[in-house]
Amino acid sequence: MTWSHQFPLTQALLGLGIVFGAAGLAYLIARYLVLGLVLAVIRRTRSTWDDALAESGTFARLVALAPLLVVEQGLAFVTGLSEGLATLLHRLTIALMIMVVVRGFTAATGGLNAIYNRYPRAKDRPIKGIVQVVNILAWLAATILMIAVLIDESPVLLLSGLGALTAVGMLVFRDSLLSLVAGVQITTNGLIRMDDWIEMPQFNADGFVIDIALNTVQVQNWDKTITSIPTHKFLENSFKNWRGMFESGGRRIKRSINLDLSSIRFLSDEEVDRFGDFKLLREYIAEKKEEIAAYNREHPGDPSLAPNVRRLTNVGTYRRYVTNYVRQHPGINQEMILLIRQLQPTAEGLPLEVYLFTKDVRWVYHEGVQADIFDHLLAVVPSFGLRVFQSPSGADLRQLGGGSIAAENRFVGTIDGGDRTPASRS
């Protein structure tokens with residue numbers, strides 16, 4: 001009787017030790033020699049797709065196949081193993097090989113997504129959600145194959161048994177399935193893209209989209225916080241996308257100046273002549289003088305009564321001044337809507353609304369142009385004999401009560417014969 005028949009267990013353990021030792025050696029060679037050579041070749045090539053695959057870890061994950069192949073082939077040369085143990089080890093090795101392959105596949109899809117993101121089209125049509133779905137399906141298929149290998153059954157038989165688990169799967173993966181459908185619609189229709197500015201008050205989201213994944217869309221708010229919104233919620237709730245504003249090339253200014261109704265009046269001939277010296281009103285005043293003179297000749301009336309003749313008003317002249325001022329402003333987009341209009345008078349005066357668009361859609365630039373315009377428009381109001389309405393302050397109330405305020409020396413201009421009206425009474 002030979003030594004192998006006397007000590008079968010020792011022989012089996014020795015054989016397994018040799019096989020596993022060879023597997024470890026194969027891993028070291030593959031990890032530090034073969035992989036190093038592959039990465040060195042990749043770094044020297046001009047193409048970028050192999051660099052993306054290397055950075056995603058595709059080749060590093062596939063290195064684990066080397067020791068598994070050694071084990072799978074070496075088990076056939078190990079004697080002394082029971083048939084059941086040999087079969088179990090063989091099945092475990094095949095299952096692990098399937099797992100390594102699917103891990104390499106998911107890393108490769110991540111690399112492909114990184115390659116795709118380098119193209120301009122990726123901003124409008126991100127595929128990260130689709131890649132995640134493909135990875136989920138790959139893991140599902142791998143899991144079925146591994147189970148089939150371990151229990152030595154056909155994968156088709158396992159698939160037929162999944163029908164009973166469909167209802168449970170629908171409950172467990174409800175959000176993922178809904179997000180999958182939503183993600184396809186969002187990507188296909190271009191509802192949301194990377195770097196879009198969106199507002200979704202339901203989730204306190206107001207900022208730029210920084211990530212579109214299978215289950216969530218991440219929004220970086222203006223305060224630098226990040227809001228994660230389930231993808232399917234974008235089909236269930238309304239949201240505002242500011243992309244159209246950026247693509248239009250103009251950002252809207254819509255703001256009103258409330259004029260005190262008691263300061264609105266007709267202009268005297270001297271005031272009309274004075275406004276004719278304003279550079280922005282020169283042509284307007286000349287045209288209006290001719291137009292009003294012609295009208296009054298055709299419709300004569302007693303000029304001592306203002307309603308009997310046609311005359312210019314200070315609010316109308318100011319409105320035309322505002323129009324001419326913004327039309328020559330270098331920061332305003334003259335190709336878009338430009339409107340200066342009066343709104344419904346209220347208890348807070350007559351709103352004169354400025355509605356136009358700046359050339360630059362950047363927030364800081366937009367706010368700077370808006371401030372510059374209204375700085376000027378508010379400062380020039382007294383020149384037209386108008387007052388800006390504001391609610392009485394504590395200083396106004398003290399002055400009405402007879403108190404003295406040393407700093408109350410501002411006036412809004414001369415009205416009818418030199419009378420001056422304190423600004424605080426507006």
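Counting from 1, the numbers follow the sequence of the chain as shown.
- A side-chain donor-acceptor contact under 3.5 Å links Y318 to the backbone of L377.
- Here the side chain of N324 pairs a donor or acceptor atom with the backbone of L280 at under 3.5 angstrom.
- Once rounded to the nearest 0.5 Å, the distance linking CG of D196 with NZ of K240 reads 14.0 Å.
- Checked by atom type and distance alone, the side chain of N113 never pairs as donor or acceptor with a backbone atom of T109 at under 3.5 Å.
- You'll find the side chain of T358 stays beyond 4.5 Å of the side chain of Q370, heavy atoms only.
- In this structure, L312 and Y284 have side chains that are in contact, with non-hydrogen atoms separated by less than 4.5 Å.
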Step-by-step side chain to side chain donor-acceptor pair (under 3.5 Å) determination, T227 to N221
CA-CA 7 Å; T227 301; N221 301 309; 2.9 Å; yes
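- A donor-acceptor contact shorter than 3.5 Å links the side chain of R243 to the backbone of L191.
- Residue L338 holds its CG atom at 9.5 Å from CG of N333, rounded to the nearest 0.5 Å.
- The two residues G385 and N314 come nearest to each other via the heavy atoms O-ND2, 3.5 Å.
- T93 places no side-chain N or O within donor-acceptor distance of the main-chain N or O of V71, the cut-off being under 3.5 Å.
- Other residues, nucleotides and ligands contribute only 12 or fewer heavy atoms inside 6.0 Å of the CD1 atom of I337.
- Atom CD of Q328 has more than 12 heavy atoms from other residues, nucleotides or ligands within 6.0 Å.
- Taking the six-membered ring where tryptophan is involved, the planes of F357 and Y355 are perpendicular, since the angle between them exceeds 60° and thus also 30°.
- The shortest heavy-atom contact between I332 and L356 is CD1-CD1, 3.6 Å.
- Taking CD of Q334 as the reference point, atom CE of M336 lies at 11.5 Å (rounded to 0.5 Å).
- Nearest heavy-atom pair across A23 and V70 is N-CG1, 3.8 Å.
- Side-chain contact check for Y116 versus V131: every heavy-atom pair is 4.5 Å or farther apart.
- Between the side chain of Q202 and the backbone N or O of S238 there is at least one donor-acceptor pair closer than 3.5 Å.
- Put simply, CE on M146 and CE on M99 are 4.5 Å apart, with the number rounded to the nearest 0.5 Å.
- Remark: the backbone N or O of A40 is paired with a side-chain donor or acceptor of R44 at under 3.5 angstrom.
- Ring geometry for Y325 against H329 counts as perpendicular: the plane angle is over 60°, on a 0 to 90° scale with 30° as the lower cut.
- Judged purely by atom type and a 3.5 angstrom limit, T216 has no side-chain atom pairing as donor or acceptor with the backbone of Q218.
- A 4.5 Å side-chain heavy-atom check between V361 and W242 finds every atom pair outside the cut-off.
- Residues T106 and R61 approach most closely at OG1-NH1, 3.3 Å, considering heavy atoms.
- With rounding to the nearest 0.5 Å, the separation of CG in L65 from CE in M97 is 6.0 Å.
- With contacts defined as side-chain heavy-atom distances shorter than 4.5 Å, the pair D260/L386 does not qualify.
- Counting only distance, with no hydrogens or angles, the side chain of S56 and the backbone of A107 share a donor-acceptor pair below 3.5 Å.
- Within the 3.5 Å criterion, the main-chain N or O of A108 finds a donor-acceptor partner in the side chain of T58.
- By the 6.0 Å contact criterion, CZ on F278 is enclosed, its count of non-hydrogen atoms from other residues, nucleotides or ligands being greater than 12.
- Two residues are said to be in side-chain contact when any heavy atoms from C-beta on lie closer than 4.5 Å; I229 and F239 fail this criterion.
- Listed here is the closest heavy atom pair of V209 and I212: CG1-CG1, 3.7 Å.
- The number of heavy-atom neighbours closer than 6.0 Å to CD of E348, taken from other residues, nucleotides and ligands shown, is 12 or below.
- The two residues L267 and E271 make their nearest non-hydrogen contact at CA-OE1, 3.5 Å.
- Here W363 and W197 keep their ring centres 6.0 angstrom or further from each other.
- When side chains are defined from C-beta on, E72 counts as touching H90, because their heavy atoms get closer than 4.5 Å.
- Looking at heavy atoms from C-beta onward, P230 lies out of side-chain contact with E236 at the 4.5 angstrom threshold.
- Shown here is E283, whose CD atom has no more than 12 heavy atoms of other residues, nucleotides or ligands within 6.0 Å.
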